[in-house]
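What follows is one structure encoded as structure tokens, with my remarks underneath.
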Number of protein chains: 2
Amino acid sequence: MDSMTDTASSDPLALWREALVRSVRSEAPDLSTRQMAILLAVYTTPPPHTVRGLAAELGVAKPVISRALDTLGALGLLRRKRDERDRRNVLVQRTVRGAVFLSEFRDLVAAARAAAA
Amino acid sequence: MDSMTDTASSDPLALWREALVRSVRSEAPDLSTRQMAILLAVYTTPPPHTVRGLAAELGVAKPVISRALDTLGALGLLRRKRDERDRRNVLVQRTVRGAVFLSEFRDLVAAARAAAA
DNA sequence: TGAATTCGGTACGCTGGCGTAACGATCGGT
DNA sequence: ACCGATCGTTACGCCAGCGTACCGAATTCA
């Protein structure tokens, strides 16, 4: 009855495994922890989101955010927009594609929860 | 009352965000989805775990597993061992360091759940 | 207006992961 | 003892991310 090896366990790790395995098996891009954290920060916390703000929130250097925005932007999961109030700032905005991606991810977690319950 | 922007929401995505942000802020290595899925598969499903088995389970090519084992092994999170019954096989085994890492990750998810509840 | 500050991005050299294709080692069957 | 199949790894050329340092644009304040 080792909880670390019990597939039917309610251990949160089992849920994470189920969800991640499903994500890998799907065609979803193989994002890093940092990239996923940025994406979720943009979509589940209220705007505005700036490069500096995200860097501070995650405790990483600015170029990390800049590069992640390049990649996530190329995937169409979010979008940059100049702040017209203060043109030094970049506002990170949501996209339809990003919302769809995270909606599917939410479903995937729900399915994992059902399977690992 | 947009659930996508409600920090106190019980949306599973908010929990994931909290957990991932905490992981990024900690000194934990920035693993990819694939790497984390492999690690969790080894630690939350019963052995034995082989390269081919993990590749099939995740629906990826063998070299993906081989390289991930290199990296995760270098981090001390798991270990390779030759199968003496059939020396073609490699058995992926757990390590103390890996168990500690996942235990901390579990705590981190629990803390995130408390914060995002 | 001129200097100092703030913001985001880029350059650099390096490391690590990718997919495909090939490889050596090991096993099973005849 | 051979031959074919299976296992995991490695080679290849390529692309993405790293941390540090620096850059230009925009803003603030004296």
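We name chains A, B, ... by the order of the sequence lines, and we start the count at 1 in each one. Keep in mind it's a predicted model, so treat the numbers as computed, not measured.
For residues 35-50 of chain B, no residue pair satisfies the salt bridge (Lys or Arg N to Asp or Glu O under 4.0 Å) rule, not counting sequence neighbours. Residue pairs meeting the side-chain hydrogen bond (donor to acceptor under 3.5 Å, both in side chains) criterion with at least one partner in residues 54-76 of chain B, sequence neighbours excluded, are B:Asp70-B:Arg80.
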Original post:
How does DNA chain C look in dot-bracket notation if pairs are Watson-Crick or G-U with both distances under 3.5 Å, crossing ones as [ ], other-strand ones as |?
Top reply: ||||||||||||||||||||||||||||||

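Distance check, rounded to the nearest 0.5 Å: CD1 of B:Ile65 to CZ of B:Arg52 gives 11.5 Å.
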Under 3.5 Å, N/O pairs linking protein and nucleotides 23-25 of chain C:
none

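Looking at residues two or more places apart in sequence or on another chain, you find no side-chain hydrogen bond (donor to acceptor under 3.5 Å, both in side chains) involving B:Glu104. Not counting sequence neighbours, the partners of B:Asp86 by the salt bridge (charged side-chain N to carboxylate O under 4.0 Å, His left out) test are B:Arg88. With sequence neighbours excluded, the residues satisfying ring pair (Phe, Tyr, Trp, His ring centres under 6.0 Å) with B:Phe105 are A:Trp16. Take B:Glu27 and apply the side-chain hydrogen bond (donor to acceptor under 3.5 Å, both in side chains) test, not counting sequence neighbours, and it matches no residue. Residues that satisfy the side chain to side chain contact (heavy atoms under 4.5 Å, CB included) test with B:Arg25, not counting sequence neighbours, are B:Val21.
The nearest whole Å value for the distance from the CG atom in A:Asn89 to the P atom in C:dG8 is 5 Å. C:dG28 atom P lies 13 Å from atom CZ of B:Arg87, rounded to whole Å. Rounded to a whole Å, the CG atom of A:Asp83 is 17 Å from the P atom of C:dT6. Taking atom CE on B:Met36 and atom P on C:dG17, their separation rounds to 16 Å, with Å as the unit.
Both A:Val60 and A:Val92 belong to a common hydrophobic cluster when Ile, Leu, Val, Met, Phe, Trp and Tyr are linked at side-chain heavy-atom distances under 4.5 angstrom. A continuous path of ILVMFWY side-chain contacts below 4.5 Å connects A:Leu75 to A:Val64, so both sit in one hydrophobic cluster.
Under the 4.5 Å side-chain criterion, counting only non-hydrogen atoms from C-beta, B:Asp11 is not in contact with A:Thr44. Within the 4.5 Å cutoff, no side-chain heavy atoms of B:Leu78 are placed close to those of B:Arg94. Looking at heavy atoms from C-beta onward, A:Leu91 lies in side-chain contact with A:Thr50 at the 4.5 angstrom threshold. The shortest distance between side-chain heavy atoms of B:Arg34 and B:Leu58 does not fall below 4.5 Å.
Panel note: side chain B:Arg82, backbone B:Arg87; a donor-acceptor pair is recorded below 3.5 Å. Of the possible donor and acceptor atoms, one in the side chain of B:Thr95 sits under 3.5 Å from a partner among the backbone N and O of B:Leu77.
Contacts of A:Gln35 with the nucleic acid, taken as non-hydrogen atoms under 4.0 Å apart, involve only primed sugar atoms and P, OP1 or OP2. Among the heavy atoms of the strands, none lies under 4.0 Å from B:Arg82.
Listed pair A:Arg80 / C:dG9 meets the phosphate criterion, a side-chain N or O lying under 4.0 Å from OP1 or OP2.
Near DNA chain D, meaning a heavy atom under 4.0 Å away, the residues from residues 54-73 of chain B are B:Lys62, B:Pro63, B:Ser66. Residues from residues 23-34 of chain B placing a heavy atom under 4.0 Å of any atom in DNA chain C, listed by number, are B:Arg34.
Of all nucleotides in DNA chain D having an atom under 4.0 Å from a heavy atom of chain A, the first and last in 5' to 3' order are D:dG17 to D:dT27.
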